[in-house]
Amino acid sequence: MLSLLGTLFVAQGCRSLEPVMPAAMIRPITVSTNEFTGSSSLLSGFDIDRAHASLKPGDSALVGVLAEIDGRRSVHYMLVARQETDSTSSGVQTWRRTIGGPNLPASYIGLRVPLVIDVYDEQGRRIERSEQSPPDLLLGDPLYRLAAWVTALGPEIATRAAEANEHDEIPLLQLPDDAALGIIAVEQFAQVIGDLTTMRRTLMPVISRPPLLSLLLGDRTVRIVITPGGFGPERRRFGEDELIVYGVPIEVRIGEHVALQARLLIAEPAGPNTLLGGITELHAQHPHRPEQRALIRLLAARRGPPPQEQVSTVPGKGEQ
């Protein structure tokens with residue numbers, strides 16, 4: 001699980017044990033029209049619901065995972081569904097998180113959302129199931145707010161980067177609460193993926209492990225670093241509708257070692273798409289072996305069936 005220091009860094013360069021290209025320059029996988037053909041039998045289409053953007057029981061989202069390792073491609077699907085909850089049950093779980101920083105600590109408290117995640121192979125056969133309960137606060141708009149906040153600071157980031165040494169990290173202004181929650185949401189997304197055995201095995205070749213000696217003697221702190229090169233807002237089509245999308249390049253670092261480079265595409269919350277915190281695409285790349293890369297893409301997001309209405313029968317004329 002990734003840990004958070006409570007401070008967001010935006011980096012112009014990166015102090016890595018080996019030089020790496022900027023995260024914004026990662027080479028996305030080219031996806032052909034028939035790459036995710038097995039998805040239609042699992043879930044298709046998009047329900048865009050800006051007016052009621054929060055999750056509802058029964059909402060579901062389908063994700064395609066395409067990994068390109070040593071020239072070979074593999075395809076998997078993840079079907080994420082929000083389960084029904086019983087607020088009177090003693091099994092309801094709460095969540096608390098405190099992070100530190102110059103003007104913090106700030107504490108976040110909320111409920112957990114019960115999810116069931118099914119993993120399928122390329123032919124649509126289920127190969128794994130996991131039940132997880134991420135915090136409800138992270139399945140709304142924190143990532144979208146973080147992306148908008150960072151993008152709005154683009155000119156300031158560029159100015160600071162130009163004035164700094166290329167290997168310096170540039171601490172930004174104190175994070176607002178919603179942006180801090182966005183960083184935690186990135187953590188949570190990584191944890192959800194990491195708790196799935198199939199996904200761990202599929203995506204591990206994309207991650208660069210630091211040398212053993214640096215792990216034993218060096219800084220082992222794990223940080224999420226947002227790098228210059230984001231974009232947005234722009235409109236992208238989802239089914240018959242469009243959503244505003246931001247792009248945010250990130251690096252995951254262990255001490256001074258860049259372990260992973262990625263670009264997140266984050267859409268405004270619109271109902272079932274918040275099952276993934278608004279992430280619609282994630283392009284990931286090994287920092288030192290760019291041919292090792294992966295794509296996680298939202299393929300469908302649908303509302304669950306409406307709650308069954310209780311119809312009371314009123315005896316009519318002639319009924320006994």
Side-chain angles (χ1 to χ4, degrees), residues 1-28 97 99-102 104 138 142-143 146-147 149-150 153 157-158 160-161 164-175 179-194 199-200 203-230 247-266 277 279 282-294 296:
M1 177 179 175
L2 302 176
S3 63
L4 177 67
L5 298 181
T7 305
L8 175 66
F9 290 91
V10 175
Q12 165 67 7
C14 52
R15 298 171 297 171
S16 179
L17 301 182
E18 299 178 48
V20 298
M21 72 173 66
M25 296 176 61
I26 66 174
R27 185 166 56 96
R97 178 69 181 273
I99 61 176
L104 299 174
L138 305 184
L143 262 176
L146 170 65
W149 182 75
V150 170
L153 287 176
I157 292 170
R160 293 194 184 193
N165 181 285
E166 65 174 351
H167 296 301
D168 286 344
E169 288 175 338
I170 309 161
L172 287 183
L173 304 173
Q174 175 57 51
L175 279 171
L181 278 174
I183 292 291
I184 302 175
V186 177
E187 284 187 19
Q188 183 62 50
F189 185 78
Q191 182 177 358
V192 168
I193 298 294
M199 292 297 97
R200 266 201 323 272
L203 300 175
M204 189 58 69
V206 180
I207 299 173
S208 172
R209 299 183 182 183
L212 179 59
L213 189 61
S214 70
L215 285 176
L216 294 176
L217 303 178
D219 182 3
R220 291 178 290 176
T221 304
V222 180
R223 292 172 298 162
I224 296 170
V225 180
I226 294 183
T227 67
V248 178
I250 68 168
E251 290 178 350
V252 178
R253 300 187 190 176
I254 303 173
E256 295 184 351
H257 181 78
V258 179
L260 177 71
Q261 293 182 305
R263 180 188 285 271
L264 299 176
L265 272 64
I266 303 162
I279 295 176
L282 186 155
H283 299 271
Q285 174 176 293
H286 191 290
H288 314 296
R289 301 180 62 192
E291 71 278 5
Q292 311 283 71
R293 50 195 182 151
I296 298 176

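Atom set for the values below is all heavy atoms of this structure, side chains included, hydrogens, waters and symmetry mates excluded.
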Measure the spacing between [atom1] of [X] and [atom2] of [Y] and express it to the nearest 0.5 Å.
{"X": "L282", "Y": "I266", "atom1": "CG", "atom2": "CD1", "result": "9.0 Å"}
{"X": "R209", "Y": "L260", "atom1": "CZ", "atom2": "CG", "result": "13.0 Å"}
{"X": "I183", "Y": "L146", "atom1": "CD1", "atom2": "CG", "result": "5.0 Å"}
{"X": "I207", "Y": "H286", "atom1": "CD1", "atom2": "NE2", "result": "9.0 Å"}

Review point. Taking everything shown except R200 itself, do over 12 heavy atoms lie less than 6.0 Å from its CZ?
Key: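 Yes, CZ of R200 has more than 12 neighbouring heavy atoms, counting only those of other groups under 6.0 Å.
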Are [X] and [Y] side-chain neighbours, meaning at least one heavy-atom pair lies under 4.5 Å?
{"X": "F189", "Y": "L264", "answer": "no"}
{"X": "I296", "Y": "L203", "answer": "yes"}
{"X": "Q261", "Y": "R293", "answer": "no"}

Least distance between heavy atoms, [X] atom then [Y] atom:
{"X": "V206", "Y": "A294", "result": "CG2-CB, 4.1 Å"}
{"X": "P210", "Y": "I254", "result": "CD-CD1, 3.9 Å"}
{"X": "G277", "Y": "L143", "result": "O-CB, 3.5 Å"}

Matching residue for S208 among R289, Q285, H288 - test: side-chain contact (heavy atoms from CB on, under 4.5 Å):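 Of the listed options, the one satisfying the test is H288.
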